[in-house]
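To keep things clear, I will list the structure first and then write my remarks on it.
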Number of protein chains: 2
Amino acid sequence: MSLRYALLGLLSERPASGYALTQRFEQSLQKYAWHANHSQIYPELAKLAADGLVTVVEEGARGRRTYAITDAGREALREWLLTSGGGPRRVRNEAVLRTFLLSTLEPADAALLLRGYVDRSARDLAELQAVVADLEASEQAGEPQRFGRFAAEFGVRQYAAFHDWAQWALARVESATPDEGDGQESGA
Amino acid sequence: MSLRYALLGLLSERPASGYALTQRFEQSLQKYAWHANHSQIYPELAKLAADGLVTVVEEGARGRRTYAITDAGREALREWLLTSGGGPRRVRNEAVLRTFLLSTLEPADAALLLRGYVDRSARDLAELQAVVADLEASEQAGEPQRFGRFAAEFGVRQYAAFHDWAQWALARVESATPDEGDGQESGA
DNA sequence: GCGTTCATGTAAATGGTTACATGATTCC
DNA sequence: GGAATCATGTAACCATTTACATGAACGC
């Protein structure tokens, strides 16, 4: 069901074609919230239209159809957001699973992975911070900025927390293997 | 594929039955890393056994089978952790999606939801911090503590970041609707 | 003996990924 | 005219959820 509401959310910002929605998934939602590809998006748009939650407002070149959210669609989105939040949270995050499994590795292997995490999260964080800076600038310039600011801030804080964690974990692993085979083994 | 490695990881700690593994998913992994239920776990254990990555080491009462990881299983887990980390990250987190969609709501509705998030994340955080305290205590007591410490710390930091974000977002929303229908409307 | 928990499975349906498929338009 | 991009779709497969199903052991 989530895909359906992700699409309604994007369309509530402004009308778009399936192609454009696919790109917006790739550029924003995909990174920290929800992944979807075009082969899932097109059929779902057709279903949403059949249910009257969106309508085709324009047919352009190459068979392009621009969809817009309807009043019923807005109401369905609001309803979902307000009523169905308390259920069991189903997280599925491979990066976090890897985190969990890290301690099954030899310390040297774990350190290798953690160094990669530190680097990668630093880059991800910088990327997102640039996005936030852009949003902030256009906000200062007086644009209404309804969408994306909350989510971007959320992403920044998550990445920052991940980065800090990876450094903490790396320090811990390194203190367990002082010098990687130096002989200085402080057993017990 | 992730489920497979989650199971190998749990079994690398110690042998267990499908029933016990299901419970361990419910108590730990499920909360912040990976969700799975028994109807998925049992068939996957059978496949792992067929592939020689685990073996049945004991058959107990009520048809209970205790599985243990094999050397091939350990190697497969290590291989997966070390080689396949760089692919595209596929995140799917409904809580985060809701975050993203929050700005489609009226400020009053958004504030309502955010207050719920603040409360809930405070409770989740406290719960996890208790787990960490337990782990820390048994660590001090000299137990080897291979598993779970990294992941628990990770969870604590994620929840803390979420909690802080929710408070930040709530403050922002509340400053946009000063007094919720008091008449003091400071329109543009 | 009766209820609860332990313990394992399977089947149908849904959700999601990968691969295949097609063709129009635009830019060069 | 040829390559890249725009634009949409479908089919087969795999992963996951929900519901159904069964029975042994344990505590009372």
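In what follows, every heavy atom counts, from backbone to side chain, and hydrogens, waters and symmetry copies are set aside. No experiment lies behind these values; they were computed from the predicted model shown.
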So does B:Arg90 get a side-chain nitrogen or oxygen closer than 4.0 Å to the phosphate oxygens (OP1/OP2) of C:dT18? yes
Look at the side chain of A:Asp51 and the backbone N and O of A:Leu53, then say whether any donor-acceptor pair between them is shorter than 3.5 Å. no
Between A:Tyr42 and A:Tyr19 (side chain of the first, backbone of the second, donor and acceptor by atom type, cut-off under 3.5 Å), is there such a pair? yes
Side chain of B:Tyr19 (C-beta onward), nearest among D:dT8, C:dT8, C:dT18: C:dT8
Can a salt bridge be assigned to the pair A:Arg115 and A:Glu174 using a cut-off of 4.0 Å between side-chain N and carboxylate O? yes
Phosphate-side-chain proximity, B:Tyr42 and C:dT8, N/O vs OP1/OP2 below 4.0 Å: yes
Mind calculating the distance between OH (B:Tyr67) and C1' (C:dG9) to the nearest angstrom? 11 Å
Rounding to a whole Å, what distance do you find between A:Tyr5:OH and C:dG15:P? 11 Å
Between B:Gln40 and D:dT17, does any side-chain N or O lie under 4.0 Å from OP1 or OP2? yes
So, B:Phe162 versus A:Phe154, ring centres under 6.0 angstrom or not? yes
Out of D:dA25, D:dT10, D:dT8, whichever nucleotide has its closest atom nearest the side chain of B:Arg62: D:dA25
Of the nucleotides C:dG9, C:dT5, C:dA19, which one has an atom closest to the side chain of A:Ser39? C:dA19
Of the listed D:dT8, C:dA7, C:dG16, the closest approach to the B:Arg92 side chain comes from C:dG16
Go through C:dG15, C:dT17, C:dT8 for me and flag the one nearest to the B:Arg65 side chain. C:dT8
Between atom CE in B:Met1 and atom P in C:dT18, what is the gap in whole Å? 12 Å
Without hydrogens or angle criteria, can the side chains of A:His163 and A:Ser121 be said to hold a donor-acceptor pair below 3.5 Å? yes
Between C1' of D:dC6 and CG of A:Leu21, the distance in whole Å: 14 Å
Is a donor-acceptor contact shorter than 3.5 angstrom present between the side chain of A:His35 and the base of C:dG16? no
In whole angstroms, how far is the P atom of D:dA25 from the CD atom of B:Glu59? 14 Å
Once you round it to whole Å, what is the distance between C1' of C:dC6 and NE2 of B:His38? 12 Å
Nearest heavy atom decides the nucleotide; on that basis, is B:Thr66 or A:Asn37 closer to the 5' end of DNA chain C? B:Thr66
